[in-house]
There are 2 protein chains.
Amino acid sequence: MKDVAHRAGVGLKTVSRVVNGEPGVLPDTEQRVREAITALGFRRNDSARTLRKGRTATVGLVLEDLADPFYGPLSRAVEEAARGHGALLLAGSSDEDPVREQELTLALCARRVDGLVIVPASDDHRYLEPEIAAGVATVFVDRPAGLLDADTVLTDNLAGAKEATAHLIAHGHRRIGFVGDQPQIHTTTERLRGYREAMAAADLPVRAEWTALGTTDPGRVEHALRAMLAGPDPVTALFTGNNRVTATAARLLAGHPRPTALVGFDDLELGELLDPPLTVVAQDAALLGRTAAELLFNRLAGGAAAPRRVVLPAGLIPRGSGELPPHS
Amino acid sequence: MKDVAHRAGVGLKTVSRVVNGEPGVLPDTEQRVREAITALGFRRNDSARTLRKGRTATVGLVLEDLADPFYGPLSRAVEEAARGHGALLLAGSSDEDPVREQELTLALCARRVDGLVIVPASDDHRYLEPEIAAGVATVFVDRPAGLLDADTVLTDNLAGAKEATAHLIAHGHRRIGFVGDQPQIHTTTERLRGYREAMAAADLPVRAEWTALGTTDPGRVEHALRAMLAGPDPVTALFTGNNRVTATAARLLAGHPRPTALVGFDDLELGELLDPPLTVVAQDAALLGRTAAELLFNRLAGGAAAPRRVVLPAGLIPRGSGELPPHS
DNA sequence: CTGAAAGCGCTTACAG
DNA sequence: CTGAAAGCGCTTACAG
């Protein structure tokens, strides 16, 4: 910029005015500045600008895994909102590791992002207190913050899980298995709770061997499923706790001799083309992201003193796999 | 930092030394500085740091759509590489719009990203010449740069498309349709070329109505497919040009009276569970991303004068849909 | 309409 | 072992 000013024979501030389209520059002067800019290939350094301005026009997004298709629409929704506000998106994966979540989040804070959308992996977010106090607008999505009061956007996992389980019960099942993600994840425990409550509401017992929580590693899931499907008294229906578990269950059931009912939490692409077509409880990942971004920019605009909590619905989509009757 | 220095009764540089773990600070002094840091809740501003250092430890990623599952593993691979080099990822979608690609890319450059991984939507990247000259390491992935010589990582779309088409021909098909993405996209034309070459190699004609290019909008794709499947001389097999087109084709064929063979470019989750299981030519999106990131950091490390071009293989995975015989 | 000075929060290059 | 001065590339607050 100094070079441009020198070449155009003007002051630094005049170049700044031209670059930012500020008024009060004679057409003639502006012309000279523009020529110098082109000749020197000048491009404003937005990092420097940002340092002086206070805001970085950057939003940080921390989620479990950028490669997981569930988070694609969520990321895109946050990106669109950011774009609408002239901001860019700094994104990263926590890999469901609390340490990694914190490192990543604090690295984003060190870059002085204006706001943060977090799918938490940890259960203690007090490390963010100074950041939030310093003005970083923070929204938790998909799962609540731990030991921290902050804006949150959730899906009604409890109701969704109840609906899924009640649906299986309504189709005559009494021995229903639940295979979920790791137990420290909020959505896992909520969905497990929904399953239990629906079973209890129908006066059905839940045997210990009918619930299995753990990583979504296909090997682990397959092992858990096989255990439930074996023995003298196998489950006749399965409720799977998220998209990855459901995919593994669908694969296994496709090769299983006994028709077993299946309802999954989260929809899967092509799910309607499976045999039988996949019944799911679906949530709207894009809406989750859009809502989170709205709360974020709302807060950045100076709104909402008290943290807000938004709960979005999940809805059953019956397609066939969840309507199979119990095998005799 | 000034406040910390003041409170600890030391100079600015000493705080800097402590914060960066540089040697040459007495334990006693360090202790005082650390106390001041904690008391004031000081956190280094990495934006200021990068302004002075020259490098921002940030990599920009421009792709078609953050929500498209195809790009998930690619993004994640770039993220992992960036992380390995202490860099963060600034990501955004071009939406297959050349103007948006350029705006986004230049916005990333204005933030002074150290490097750029681009899935191009435009066919003229000369706008990047000054940026590259200024030292922004730039790698194009999935599609080549337009009018610019730069590091590039591609899949062998031509060979993959030939293999897919030859596979259908080997199973007795003579009337094969190709439905692809928009014609300005490099991968579309390469795959179309592979289709044509395989047909020509088998001395089969290609009628104009057997090829249809356009957006991946399900309505458009369905319309094109229906046209090919109708009439007195319908195609007996389909080769679909990417994941989205394949998904629409699988949906349509599932409800179609005549069994029609299908080979898709790109694999789909659950594809093996369809009826018939989906035959595809698969590419490794994660490897695409990993390789691109390698070239990027290689260049940042001062390597490779001449731009490099890496071509990765695509391989046929026969599962059933591509082995259906022609209907009589 | 225009520009010189100060400052955003750090690091670099020196000097002691 | 420690720190004062200058500078990274901009914008802010003034003054003319």
Side-chain angles (χ1 to χ4, degrees), chain A residues 1-34 36-37 40-58 86 106-114 130-131 134-136, chain B residues 1-34 36-37 40-58 86 106-114 130-131 134-136:
Chain A
M1 196 149 145
K2 205 162 49 180
D3 299 340
V4 172
H6 187 75
R7 179 171 182 129
V10 299
L12 225 46
K13 178 60 198 169
T14 297
V15 178
S16 175
R17 284 198 182 89
V18 171
V19 167
N20 295 305
E22 287 169 26
V25 181
L26 280 178
D28 207 50
T29 315
E30 176 171 348
Q31 181 61 22
R32 285 211 318 285
V33 172
R34 292 212 179 280
I37 287 176
L40 294 160
F42 168 80
R43 305 148 304 136
R44 182 180 68 194
N45 182 330
D46 279 358
S47 294
R49 167 167 227 247
T50 251
L51 174 61
R52 187 62 237 246
K53 287 223 130 189
R55 280 201 177 175
T56 56
T58 311
L106 288 179
L108 295 171
C109 290
R111 299 296 183 96
R112 297 294 189 268
V113 293
D114 297 330
E131 311 294 338
V136 181
Chain B
M1 197 150 145
K2 206 162 48 181
D3 299 340
V4 173
H6 186 78
R7 179 169 183 130
V10 300
L12 223 48
K13 178 61 197 167
T14 297
V15 179
S16 177
R17 283 197 182 90
V18 171
V19 168
N20 295 305
E22 287 168 28
V25 180
L26 281 177
D28 207 51
T29 314
E30 176 170 347
Q31 182 61 22
R32 285 212 316 285
V33 172
R34 291 211 180 281
I37 286 176
L40 295 162
F42 168 79
R43 305 149 303 137
R44 183 180 67 194
N45 181 329
D46 280 358
S47 294
R49 172 169 222 248
T50 61
L51 175 60
R52 187 61 239 245
K53 288 222 127 186
R55 280 201 179 175
T56 56
T58 312
L106 289 178
L108 295 171
C109 289
R111 298 296 182 97
R112 295 297 187 268
V113 294
D114 296 331
E131 312 294 338
V136 181

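Chain letters run A, B, ... following the sequence lines, proteins first, then strands; residues in each count from 1. Computed from a predicted model, the values in this text were never measured in an experiment.
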Item to check | Contact nearer the 5' end of DNA chain D, comparing B/Lys53 with A/Val19 | outcome: B/Lys53

Next on the checklist: Looking only at side-chain N and O atoms, does B/Thr50 offer a donor or acceptor that is under 3.5 Å from a partner on B/Arg112?
Outcome noted: no

Item to check | Atom pair distance, as rounded to whole Å: CZ in A/Arg111 and C1' in C/dC8 | outcome: 17 Å

Item to check | Steps toward side-chain contact (heavy atoms from CB on, under 4.5 Å) verdict (A/Asn45, A/Arg49) | outcome: CA-CA 6 Å; A/Asn45 182 330; A/Arg49 167 167 227 247; over 6 Å; no

Item to check | salt bridge (charged side-chain N to carboxylate O under 4.0 Å, His left out) partners of A/Asp46, counting only residues at least two apart | outcome: A/Arg44

Next on the checklist: Would you say CG of B/Asn20 has more than 12 non-hydrogen atoms from neighbouring residues, nucleotides or ligands within 6.0 angstrom?
Outcome noted: yes

Item to check | Separation of atom CG in A/Leu51 from atom C1' in D/dG7, rounded to whole Å | outcome: 13 Å

Checklist entry - Between C/dA5 atom P and A/Arg52 atom CZ, what is the distance in whole Å? => result 16 Å

Checklist entry - So what does B/Thr29 touch, heavy atoms closer than 4.0 Å: a base, only the sugar-phosphate, or nothing? => result sugar-phosphate

Item to check | Check: B/Thr58 side chain, B/Val113 main-chain N or O, donor-acceptor pair, under 3.5 Å | outcome: no

Next on the checklist: Without decimals, in angstroms, what is the distance between A/Arg44 CZ and D/dG9 C1'?
Outcome noted: 11 Å

Next on the checklist: What is the separation between atom CD on A/Gln31 and atom P on C/dC1, rounded to the nearest whole Å?
Outcome noted: 17 Å

Checklist entry - By a strict heavy-atom criterion of less than 4.0 Å, which residues belonging to residues 6-18 of chain B are in contact with DNA chain C? => result B/Lys13, B/Ser16

Checklist entry - Closer to the 5' end of DNA chain D via nearest nucleotide, is it B/Gly24 or A/Asp46? => result B/Gly24

Item to check | Polar side-chain atom of A/Arg17 near backbone of A/Glu22 as donor-acceptor pair, under 3.5 Å | outcome: no

Checklist entry - Which of the following nucleotides, C/dT11, D/dT2, D/dC10, is nearest to the side chain of B/Val25? => result D/dT2

Checklist entry - In whole angstrom, what separates B/Glu22's CD from D/dT2's P? => result 13 Å

Next on the checklist: Suppose we define a pair by two distances each less than 3.5 Å, Watson-Crick or G-U wobble; what does D/dG16 pair with here?
Outcome noted: C/dC1

Checklist outcome for this item: Taken to the nearest whole Å, CD1/A/Ile37 to P/D/dC10 is 10 Å

Checklist entry - Step by step, would you call A/Arg34 with A/Val18 a side-chain contact (heavy atoms from CB on, under 4.5 Å)? => result CA-CA 8 Å; A/Arg34 292 212 179 280; A/Val18 171; 3.8 Å; yes

Checklist entry - At under 4.0 Å between heavy atoms, what does A/Leu26 touch on the DNA or RNA strands: base, sugar-phosphate, or nothing? => result sugar-phosphate

Next on the checklist: Without decimals, in angstroms, what is the distance between A/Leu40 CG and D/dG9 P?
Outcome noted: 14 Å

Next on the checklist: Need one value for B/Asn20: base, sugar-phosphate or nothing, where a base atom within 4.0 Å counts as base even if backbone is also close, heavy atoms only.
Outcome noted: sugar-phosphate

